[in-house]
Student: 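Please read through the structure below; I'll follow up with questions.
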Amino acid sequence: MGHHQLDELDYKILKLVASNARIPFLEVARECNVSGAAIHQRVQKLTNLGILKGSEYIIDSNKIGFETCAYMGFYLKNPGDFSHVVEKLRKIPEVVECHFTTGQYDMFIKLFARNNRHLLEIIHTKLQPIGLSRTETLISFREIFRRQLPIEEVEDLD
């Protein structure tokens, strides 16, 4: 993996779609002063490079009944068991992110639960059996903000 050479048009497209993933290509084309086909090709290129990853709606977890957001650091019984643990975590729908980390944890996850009782149920019935020696949990009461990565101007990258 690494940094990909992107030009001014790529960065302009990224700025537009980062603020609104559902923006019509023709509107992007007008803003960029190119054809809709050119935008389609560039978005396909950015997707193939792995720079753009899908176009998801952001769901407000509280409004669909998931009041508890937990961030958990894992200490694995067998640290060499990463792939086995990841495979098991993928089968737990409440786990929405999984990260390998440096520092004190072997892994770090983010999960949503309906309430604290549901969180305890997930920990005891779904997480403990996958090979954890212990966990540390941080509960998030409310997301203050979320944003996309800043898309720098081409001149700023030189």
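Keep in mind it's a predicted model, so treat the numbers as computed, not measured.
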Student: May I ask you to test the Gln5-Asp10 pair for a side-chain heavy-atom distance under 4.5 Å?
Tutor: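 Gln5 vs Asp10: side chains apart.
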Student: OG1 of Thr102 to NE2 of His99: how many Å apart, nearest 0.5 Å?
Tutor: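 Here the interatomic distance stands at 12.5 Å.
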Student: Ion pair present between Glu121 and Lys126, side-chain N to carboxylate O less than 4.0 angstrom?
Tutor: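 A salt bridge is absent here (no side-chain N lies under 4.0 Å from a carboxylate O).
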Student: Ala113 and Leu119: which non-hydrogen atoms are nearest, and at how many Å?
Tutor: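 Minimum heavy-atom contact is CB-N, 3.6 Å.
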Student: Which value, rounded to the nearest 0.5 Å, describes the distance between Phe141 atom CZ and Cys69 atom SG?
Tutor: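 If I round to the nearest 0.5 Å, the distance is 11.5 Å.
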Student: Provide the closest heavy-atom pair for Pro129 versus His124 in the form atom of the first, atom of the second, distance.
Tutor: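 Reported closest heavy-atom pair: CD-O, 3.7 Å.
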Student: What are the two closest heavy atoms between Val96 and Pro93, and how far apart are they?
Tutor: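 Heavy-atom minimum between the residues: CG1-O, 4.4 Å.
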Student: Under a single-linkage definition using a 4.5 Å side-chain heavy-atom cutoff for Ile, Leu, Val, Met, Phe, Trp and Tyr, are Leu132 and Val95 assigned to the same hydrophobic cluster?
Tutor: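 Same hydrophobic cluster.
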Student: Take Tyr75 and Glu136 through the test side chain to side chain contact (heavy atoms under 4.5 Å, CB included) and record every step on the way to the result.
Tutor: CA-CA 9 Å; Tyr75 297 90; Glu136 289 184 10; 3.4 Å; yes
Student: Return the CD1 to CD distance between Ile13 and Glu31, rounded to the nearest 0.5 Å.
Tutor: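 Taking CD1 in Ile13 and CD in Glu31, the distance rounds to 11.5 Å.
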Student: Under 6.0 Å between the ring centres of Phe82 and Phe100?
Tutor: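 Centroid distance Phe82-Phe100: below 6.0 Å, so yes.
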Student: Could you walk me through whether Leu127 and Ile122 pass side chain to side chain contact (heavy atoms under 4.5 Å, CB included), step by step?
Tutor: CA-CA 6 Å; Leu127 295 176; Ile122 293 167; 4.2 Å; yes
Student: When you group the ILVMFWY residues by side-chain heavy-atom contacts below 4.5 Å and let the links chain together, are Leu120 and Phe74 in the same group?
Tutor: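 No, Phe74 and Leu120 fall in different hydrophobic clusters.
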Student: When you look at NE2 of His84, are more than 12 heavy atoms from neighbouring residues, nucleotides or ligands closer to it than 6.0 Å?
Tutor: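 Yes, enclosed.
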Student: Search all heavy atoms of Lys15 against all heavy atoms of Ile151 and return the closest pair with its distance.
Tutor: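 Lys15 and Ile151 have their closest heavy atoms at CE-O, 3.0 Å.
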Student: For Leu111 and Thr68, what are the C-alpha separation, side-chain angles and deciding distance, and is it a side chain to side chain contact (heavy atoms under 4.5 Å, CB included)?
Tutor: CA-CA 8 Å; Leu111 66 89; Thr68 303; over 6 Å; no
Student: Does the pair Glu87/Arg90 count as a salt bridge with the N-to-O cut at 4.0 Å?
Tutor: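 So Glu87 does not pair with Arg90 through a salt bridge.
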Student: Taking a hydrophobic cluster as the set of Ile, Leu, Val, Met, Phe, Trp and Tyr residues connected by side-chain heavy atoms closer than 4.5 Å, whether directly or through intermediates, do Met107 and Phe112 fall within one such cluster?
Tutor: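 Met107 and Phe112: separate clusters.
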Student: Rounded to the nearest 0.5 Å, what's the gap from NE2 on His40 to OG on Ser35? Could you check?
Tutor: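 Atom-to-atom, His40:NE2 and Ser35:OG are 11.0 Å apart.
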Student: Taking side chain as C-beta onward, heavy atoms only, is Leu6 less than 4.5 Å from Leu46?
Tutor: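 They are in contact (side-chain heavy atoms under 4.5 Å apart), so the answer is yes.
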Student: Can you name the nearest heavy-atom pair linking Phe66 to Glu94, along with the distance?
Tutor: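 Smallest interatomic distance, heavy atoms only, reads CE2-CG, 4.4 Å.
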Student: Taking C-beta and beyond as the side chain, do Lys88 and Ile92 meet within less than 4.5 Å on heavy atoms?
Tutor: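 A side-chain contact is absent here, since even the closest heavy-atom pair is not under 4.5 Å.
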Student: Determine whether more than 12 heavy atoms belonging to other residues, nucleotides or ligands lie under 6.0 Å from atom CG of Asp60.
Tutor: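 Atom CG in Asp60 is packed in, count exceeds 12.
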Student: Is a side-chain N or O of Asn20 found less than 3.5 angstrom from the main chain of Val17, in a donor-acceptor match?
Tutor: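 Absent.
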Student: Please say yes or no: joined through hydrophobic side-chain contacts below 4.5 Å, possibly via intermediate residues, are Leu49 and Leu14 part of one cluster?
Tutor: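 Shared cluster, yes.
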Student: Out of curiosity, Glu97 CD to Tyr71 OH, how far, rounded to the nearest 0.5 Å?
Tutor: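 Reported value, rounded in 0.5 Å steps: 6.5 Å.
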Student: Looking at Arg22, I'd like to know if its CZ atom is crowded, meaning that more than 12 non-hydrogen atoms belonging to other residues, nucleotides or ligands lie closer than 6.0 Å.
Tutor: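 Yes, because the 6.0 Å sphere around CZ of Arg22 holds more than 12 heavy atoms from other groups.
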Student: Can you tell if the side chain of Ile39 reaches within under 4.5 Å of the side chain of Cys32, non-hydrogen atoms only?
Tutor: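 Ile39 vs Cys32: side chains touch.
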Student: Which distance, rounded to the nearest 0.5 Å, do you find between the NZ of Lys12 and the CG of Asp7?
Tutor: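 Reported to 0.5 Å precision, the distance equals 12.0 Å.
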Student: Would a single hydrophobic cluster contain both Leu138 and Ile109, if residues Ile, Leu, Val, Met, Phe, Trp and Tyr are joined by side-chain heavy-atom contacts under 4.5 Å?
Tutor: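 In one cluster: no.
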Student: Does the side chain to side chain contact (heavy atoms under 4.5 Å, CB included) test come out yes or no for Ile123 and Met72, once each step is laid out?
Tutor: CA-CA 10 Å; Ile123 292 170; Met72 299 181 73; 3.8 Å; yes
Student: Answer yes or no: is there a side-chain heavy-atom contact under 4.5 Å between Leu89 and Val85?
Tutor: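 Heavy-atom side-chain distance check passes, below 4.5 Å.
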